[in-house]
Each structure stands twice: as structure tokens, then as C-alpha cells.
Visitor: 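This is the structure, below, for whatever I ask next.
Read the numbers this way: they start at 1 and go in the same order the structure lists the ligands and their atoms.
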Amino acid sequence: LLDLNRTSIFHSPRGSLDLHSMLLDEYQERLFVGGRDLLYSLSLERISDGYREIHWPSTALKIEDCIMKGKDASECANFVRVLHHYNRTHLLTCGTGAFDPLCAFIRVGYHLEEPIFHLESHRSERGRGRCPFDSSSPFVSTLIGGELFAGLYGDYWGRDAALTRSPGRLGHVRTEPDDERLLREPKFVGAHLVPDNEDRADDKVYFFFSERAQEAERGAQALFARVGRLCVNDAGGQRILVNKWTTFLKARLVCSVPGVNGIDTYFDDLEDVFLLHTRDQKNPVIFGLFNTTSTIFRGHAICVYHMSSIRAAFNGPYAHREGPEYHWSLYEGKVPYPRPGSCPSKVNGGRYGTTKDYPDDAVRFARSHPLMYQPIKPAHKKPILVKTDGKYNLKQIAVDRVEAQDGQYDVLFIGTDAGIVLKVITIYNQETESMEEVILEELQIFKDPVPIVSMEISSKRQQLFVGSPAAVAQLRFHQCHLYGSACADCCLARDPYCAWDGVACSRFLPTGTGAQAKRRFRRQDVRHGNAAQQCVGQQFAGDALDKTEEHLAYGIENNSTLLECTPRSLQARVIWFVQKGREARREEVQTDDRVLQVDLGLLFLRVRRSDAGTYICQAVEHGFVHTVRRLVLDVVDERSVRDVFRGD
Ligand SMILES: *[C@@H]1O[C@H](CO)[C@@H](O)[C@H](O)[C@H]1NC(C)=O
Ligand SMILES: *[C@@H]1O[C@H](CO)[C@@H](O)[C@H](O)[C@H]1NC(C)=O
Ligand SMILES: *[C@@H]1O[C@H](CO)[C@@H](O)[C@H](O)[C@H]1NC(C)=O
Ligand SMILES: *[C@@H]1O[C@H](CO)[C@@H](O)[C@H](O)[C@H]1NC(C)=O
Ligand SMILES: *[C@@H]1O[C@H](CO)[C@@H](O)[C@H](O)[C@H]1NC(C)=O
């Protein structure tokens with residue numbers, strides 16, 4: 001990818017980075033990243049060039065104090081975990097500050113076309129409640145109207161899990177401490193503002209996390225994925241729940257596949273969440289990446305949720321429990337007014353200007369009923385993608401929506417723990433109610449098998465920014481010519497970004513005005529990959545059998561030999577044929593424990609003289625067959641090889 005100029009990689013000039021946060025700024029064309037004692041501003045044009053650095057270590061006194069308290073020296077540093085746009089000229093940043101969090105502003109922008117990146121350290125303030133003490137504890141945050149909403153373990157010991165809003169106009173508000181009904185060993189994954197309507201007073205912030213489930217029948221240790229929700233303008237209660245959320249509700253996020261005997265397999269461990277924004281701000285599409293929690297069955301799944309299903313769960317019945325010893329069940333009694341979870345807004349009647357005016361019975365009910373009864377089911381009631389081959393651990397997801405000739409596709413970019421990004425589309429078949437997954441590319445971003453810990457996507461620039469602990473890479477979404485120089489290869493790749501233009505495989509853009517004439521030459525069929533139909537009359541592989549160049553291969557008698565053949569399309573199935581002698585019939589190669597068909601080609605463990613012949617490697621995909629390679633295998637004995645090298 002580096003040689004192809006498809007990626008560019010930024011390594012910290014100081015050797016180590018220890019990436020903990022990333023912020024994309026398409027407007028200023030910068031990518032901001034935070035690591036251990038370091039912050040960088042990188043150019044989106046080419047992230048390896050023209051960086052700006054801020055060195056932001058903890059003071060010697062603080063580090064000494066941290067070590068004195070028994071922490072390991074490696075943890076007594078300033079890990080930057082918060083990076084948000086604060087206003088037009090400043091970013092807000094917070095770091096763990098050697099187990100004493102602090103926050104500060106960074107001046108950004110341009111001066112005479114040179115990027116500005118300057119920490120206003122003289123104005124730094126304490127960061128407790130806004131940033132964790134620990135560099136590795138689960139943490140999410142989002143900045144709304146100058147106020148920081150965070151899901152964090154906010155104390156020194158990392159035990160006090162909370163959803164908080166930092167000091168601001170409405171004061172510091174949080175979840176009640178030590179209330180296991182609200183949060184129980186949560187792993188925070190995402191925090192996002194999603195408006196419900198035009199009334200800003202009705203805006204809600206959604207938290208995505210996993211936690212130990214109270215209501216699980218499988219035992220108290222079961223993990224469930226959750227969406228939690230609160231009103232942005234929640235000011236807490238007046239007599240009860242003072243400075244505590246009065247509008248917090250949560251519901252279970254379900255991602256499961258039906259199994260035999262009606263026992264479903266659940267993916268409950270939420271790893272990442274991505275909000276795909278559409279023109280309708282109120283209705284982003286939500287992609288969740290899940291892991292199983294089973295020790296027997298390992299795997300990952302991606303489920304898609306619509307805001308309508310999420311809202312339906314929050315508008316539905318509450319779960320209820322008589323007391324700590326009871327099960328959670330459906331609440332069928334009277335629900336107080338205003339309905340718990342609703343915001344003090346005009347849309348809700350305008351009777352209350354602040355949650356402080358909510359009647360005691362409504363607040364009391366909210367406190368004891370944080371859980372919704374109905375779980376949230378994904379679109380089509382099943383995952384769009386399930387991976388159980390154990391090849392990679394999936395860690396991060398980002399999505400780009402693309403217009404292709406035959407419709408709209410969501411291209412998934414999935415970051416693994418092995419330095420690889422998978423580029424995948426999934427196609428839903430209405431008739432069979434099944435999902436077909438098409439792996440378009442497996443992109444090795446980092447040479448080493450490092451985990452991908454952060455991803456940012458820019459549809460505008462058609463680029464993905466990928467963070468590993470040690471480096472940050474940028475990747476272009478597509479490189480169409482890699483699919484080969486034939487119409488069939490291009491078509492079979494089924495990449496919605498690419499189409500055959502009559503000459504080459506190139507970037508496909510839905511035609512606007514004036515391009516009608518050109519349009520006829522665009523060949524693309526993402527849904528079916530029907531190359532036979534698309535490529536009629538094109539430089540077509542139907543007669544390519546004779547055109548495919550022959551390659552020579554030698555095998556040493558009784559030794560192993562590999563005939564290489566890897567089709568460009570990852571979907572293709574490979575079939576090998578052999579022709580022994582010019583006049584002989586072409587026959588399918590029979591594999592056994594001596595002749596194996598492997599990913600890289602055809603492997604002879606002990607090649608015989610009788611194996612000599614012409615081998616034809618064909619790729620079959622969607623009923624379309626085309627020849628990838630022709631190899632003429634010659635088998636020689638070891639002595640003659642030795643003679644050749646001796647030069648006799
Ligand atoms: C690589 O890509 C960058 C930006 O996309 C471009 O400026 C540069 O000229 C390219 N280099 C080569 C060798 O093509
Ligand atoms: C942005 O916020 C910073 C920090 O409070 C402040 O110093 C600066 O003046 C603000 N800039 C604008 C344009 O409001
Ligand atoms: C998924 O779960 C398995 C088993 O619990 C674990 O080994 C693996 O690390 C998890 N994957 C990720 C990406 O955390
Ligand atoms: C196969 O070839 C390798 C390399 O030339 C040689 O070391 C090995 O002994 C050979 N094995 C057999 C079984 O002839
Ligand atoms: C290859 O192996 C066969 C059977 O073991 C043997 O008869 C033959 O002589 C071997 N050929 C060479 C060149 O080693």
C-alpha cells in the first residue's frame with residue numbers, strides 16, 4: 001500500500017506515541033491526535049508531512065507523587081484522552097496527568113497559511129469528572145454546547161463508574177454513585193448527540209456501552225450491550241436526585257443469530273459503534289460491532305439499528321423490580337407525568353422549564369425505573385455480518401455510503417487487531433431474507449500485527465485515518481486499477497467505488513448532467529457481479545483461455561512444488577485443470593494427500609515425472625469462469641539441477 005501510494009504513515013519523531021485519542025477536522029484539513037505526553041496536528045493532505053507537535057508532560061513533582069502513591073512509573077505520565085472542538089479557534093483537551101487529570105485549551109487555525117497548534121497551558125484546569133485517572137480505563141466523551149458529557153471511571157481507584165456532565169451553565173450532574181441499577185462495571189464505547197426534533201430543549205445524548213446485566217436470567221455475571229440516554233438540559237432534581245440525572249434511561253441492544261433448537265447465539269460485548277449521518281440529522285444509522293462472551297463459541301458480528309427502533313424502546317414499557325431479590329419484569333402500573341426520560345421542552349407541553357421543577361413522584365419513579373422492558377432489535381432482526389473464522393479480532397468500524405450503478409451501498413471498514421483493515425459490503429436478499437457478505441479488500445495497513453485502536457473517516461476526502469498505538473495511517477478508499485486490466489476482473493470485484501470504463505477499471509461516480517454519452521461505457525454490477533452480461537463486447541475473458549500467457553514452472557522430482565495462482569477477487573472459487581500433452585484432454589486436477597489445493601495455489605508435496613503438463617487455474621464466480629493462469633510444469637531430477645548450477 002505504501003509503494004502504491006495508497007497509504008501514508010505518521011510515526012512520532014520521538015519514537016513512541018501511545019495513541020489514545022483522535023479528532024478529525026475536515027474544515028481545517030487537520031487530524032489531531034493525542035498520545036503519551038504528546039499531541040500532534042497532522043495534515044490531511046499527507047499525514048507524514050508538515051506536522052505540528054505539542055509536548056505536554058506532567059511536572060516532575062506530579063510524577064514523583066504518582067510513583068509515591070504506588071503506581072508504576074510507566075503509568076505516571078500524561079495520556080491525552082480528550083480532544084474536542086471547543087469553538088472556532090480552540091480545542092478542548094484533557095489528559096490523565098500522572099493520575100491527576102487536567103484540561104486545557106489548544107489554539108488552532110492558520111497564520112499566513114502555516115497551521116497553528118499551541119497549548120494554552122497557563123490556563124489549564126483540573127480535569128476530575130471529565131477525564132479518567134487511568135490511561136487504560138474505558139472512557140468516552142462528547143462536547144455539546146461547551147459542556148463535556150462523559151462516560152468514565154472518575155476516581156483515583158477506577159471504581160466509580162459514572163455518566164457525567166462537566167461544570168457549565170447547568171452545573172455538574174452525574175449518575176448516582178454505587179447504584180448498580182444504573183451502571184454495573186460498564187465498558188463505555190460511544191457517546192453521541194442525536195436530536196429528536198427541531199426543539200433544541202429536547203436534544204438527547206446517547207451512550208453506548210456493555211455492562212453486567214441486572215435482569216439476565218443466565219446469572220448476574222452476564223454481559224449485555226446497552227444504549228443509555230439522557231436529556232442534554234437535565235439539571236438534576238430539586239429535593240431528590242440533586243445534581244443527579246433525572247432523565248436517564250437505558251435499554252438492551254440485541255445482536256443475535258438464530259441457532260438450532262431455537263437457541264440463539266448472542267453477541268453481547270459491544271466493541272465499537274459508528275453513527276452514519278444521513279441528510280436527516282435526527283436519524284443517523286447506527287452500526288454496532290460486537291464480540292461474543294461465550295468461552296466456547298468465538299466470533300464477532302455487526303448489527304445495524306435505526307433510531308426509530310431505539311426511540312420505540314424508550315417510548316415503550318419500563319422494566320420493574322419489587323426489590324433486590326426479585327426479577328425485573330414488565331411494569332404495568334400508572335406512569336407519572338411528565339413521562340420519565342422526557343425533557344423539559346416545548347414539545348413536551350412546555351409546562352416545565354427545568355427538570356428541577358419535575359414533581360417528586362416523577363423523579364422518584366425515574367430513579368427506580370432506569371431500565372426499559374423492550375430490547376432493541378437490529379434491522380432485519382439479524383446481523384449484517386458474522387465472522388466466526390477466528391482469523392482476526394475485530395475492533396473498530398467506520399462506514400461510508402456510496403452510490404453505485406445499481407443502488408446504494410454501505411461500505412464497511414473494519415479494523416482488526418492484526419494491523420489489517422477489511423473493506424466489506426453486505427447485500428440483503430429480500431426473497432431469501434439472507435445477507436451476502438462480499439469482502440472487497442483485506443488491507444494490510446501496518447506491517448506488524450498491531451491492534452487498530454482508533455479510526456476516523458472522511459467521505460469528503462475518500463480517506464480513512466487509522467490509528468494503532470504506535471502510528472497513524474491514512475488510506476484511500478479505493479484504487480480501482482488494482483482489480484486488473486480486464487472488464488471481467490473489474491466487474492467481478494463488485495467494488496461499488498469502481499467500474500469498467502471501456503479501457504480500464506476506474507473510479508465510478510454516478511453520472512450527472514452531460515455525461516450521458518459516457519455512461520454507456522460504464523460497466524458495473526455490484527449486486528450480482530455478472531461479468532458475462534456486463535462485459536459482452538468488452539475486452540472480455542470468454543475467449544481469454546487462449547490469450548492467457550503461459551508461464552514455465554519447474555519441479556524437482558520427489559520434492560515439493562507450488563503452482564501459484566491467486567485470483568484478484570476474494571470471492572472467487574478456484575478450479576485447476578491439467579492437460580498432459582498437446583493432444584490430450586483437459587481434465588480437472590484430482591487432489592489427494594499428495595496434491596493439495598491451498599490458498600496460494602496447487603501444492604505438490606512430492607512431485608512426480610508423470611505430473612508434468614499444462615496446468616490451467618480458473619476462477620469461478622457467479623457462474624462466470626475465467627482463466628487466471630496457465631502454467632507449464634516440467635519435472636526434473638535433482639542431479640540435472642545440480643549440473644546446471646555447476647555449469648557443466
Ligand atoms: C502520492 O499521493 C500524494 C497525495 O495523494 C500526491 O501528492 C503524490 O504526488 C503522490 N505520489 C506519487 C509518487 O504518486
Ligand atoms: C474560544 O474559547 C477560548 C477558551 O475559552 C477563548 O479564549 C476564545 O476567545 C474563544 N474563541 C472564540 C472565537 O470565541
Ligand atoms: C472477544 O472475546 C474473546 C473471548 O472472550 C477475547 O479473547 C477477544 O480478545 C475479544 N476481542 C476483542 C477485540 O476484544
Ligand atoms: C528438496 O529440495 C531442497 C532444496 O533444494 C533440499 O534441501 C531437499 O533435500 C529436497 N528434498 C528431497 C526430498 O529431495
Ligand atoms: C523418487 O522417489 C522414488 C520412490 O521413492 C524413487 O524410485 C526414485 O528413484 C526417486 N527419484 C529421485 C530422482 O530421487
Visitor: Any atoms of ligand 5 less than 4.0 Å from a non-hydrogen atom of Arg606? List them with their elements.
Guide: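 Those of ligand 5 that fall under 4.0 Å from Arg606 are 2 (O), 5 (O).
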Visitor: Under a 4.0 Å N-O cut-off, is there an ion pair linking Arg107 with Glu120?
Guide: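 Salt bridge: no.
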Visitor: Is the distance between the SG atoms of Cys103 and Cys94 less than 2.5 Å?
Guide: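 Yes, the SG atoms sit under 2.5 Å apart.
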Visitor: For Tyr110, does the OH atom sit with more than 12 other heavy atoms under 6.0 Å from it, leaving out its own atoms?
Guide: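 Yes, enclosed.
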Visitor: Show me which atoms of ligand 2 lie under 4.0 Å from any heavy atom of Asn87.
Guide: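 Within the 4.0 Å cut-off of Asn87, ligand 2 contributes 1 (C), 2 (O), 3 (C), 8 (C), 10 (C), 11 (N), 12 (C), 14 (O).
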Visitor: With a 6.0 Å cut-off on the ring centroids, do Tyr615 and Phe604 count as close?
Guide: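 They qualify: ring centres under 6.0 Å apart.
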Visitor: Does ligand 2 have an atom that lies less than 4.0 angstrom from a heavy atom of Glu120?
Guide: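 So Glu120 does not count as touching ligand 2.
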Visitor: For the ring pair Phe477 and Phe413, is the centre-to-centre distance below 6.0 Å?
Guide: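 Yes, they do, as the ring centres are separated by less than 6.0 Å.
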Visitor: Is it possible for you to check whether Arg226 lies under 6.0 Å from the centre of the six-membered ring of Phe209, through NZ or CZ, and within 45° of that ring's axis?
Guide: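 Ring-cation test returns no.
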Visitor: For ligand 5, which is the ligand I care about here, please tell me if Asp637 has any N or O atom under 3.5 Å from one of the ligand's N or O atoms.
Guide: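 No.
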Visitor: Between the side chains of His85 and Asp25, is a donor N or O closer than 3.5 angstrom to an acceptor N or O?
Guide: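 There is such a pair between these side chains.
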Visitor: Ignoring angles and geometry beyond distance, decide whether Arg88 reaches within less than 3.5 Å of ligand 2 through its nitrogen or oxygen atoms.
Guide: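 Such a contact does not occur with ligand 2.
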Visitor: Are Arg126 and Asp100 ion-paired here, with the side-chain N under 4.0 Å from a carboxylate O?
Guide: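 Between Asp100 and Arg126 there is a salt bridge, with a charged N closer than 4.0 Å to a carboxylate O.
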Visitor: Pairwise, report which nitrogen or oxygen atoms of ligand 3 are under 3.5 angstrom from protein nitrogen or oxygen atoms, and how far apart they are.
Guide:
from, atom 1, to, atom 2, distance (Å)
ligand 3, 2 (O), Asn291, OD1, 3.2
ligand 3, 2 (O), Asn291, ND2, 2.4
ligand 3, 11 (N), Asn291, ND2, 2.8
ligand 3, 11 (N), Asn393, OD1, 3.0
ligand 3, 14 (O), Glu271, OE2, 2.9

Visitor: Taking only heavy atoms of Asn558 into account, list the atoms of ligand 5 that are under 4.0 Å away from them.
Guide: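 With Asn558 as reference, the close atoms of ligand 5 come out as 1 (C), 2 (O), 3 (C), 8 (C), 10 (C), 11 (N), 12 (C), 14 (O).
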Visitor: I need the atoms of ligand 2 closer than 4.0 Å to a non-hydrogen atom of Tyr86, numbered in the order shown.
Guide: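 What qualifies from ligand 2 is 2 (O), 5 (O).
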Visitor: Do any heavy atoms of Arg608 fall under 4.0 Å from ligand 5?
Guide: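 Checking ligand 5 against Arg608, which is what was asked, there is no heavy-atom contact under 4.0 Å.
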Visitor: Would Glu638 count as a contact of ligand 5 if the rule is a heavy atom under 4.0 Å away?
Guide: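 No, that is not the case, since the closest heavy atom of the residue is not under 4.0 Å from the ligand.
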Visitor: Report yes or no: is the cationic atom of Arg52 (NZ for Lys, CZ for Arg) closer than 6.0 Å to the six-membered ring centre of Phe10, at no more than 45° off its axis?
Guide: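 Arg52 over Phe10 ring: no.
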Visitor: Nearest 0.5 Å please: distance from the CD1 atom of Ile420 over to the CG atom of Leu394.
Guide: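 Reported to 0.5 Å precision, the distance equals 11.0 Å.
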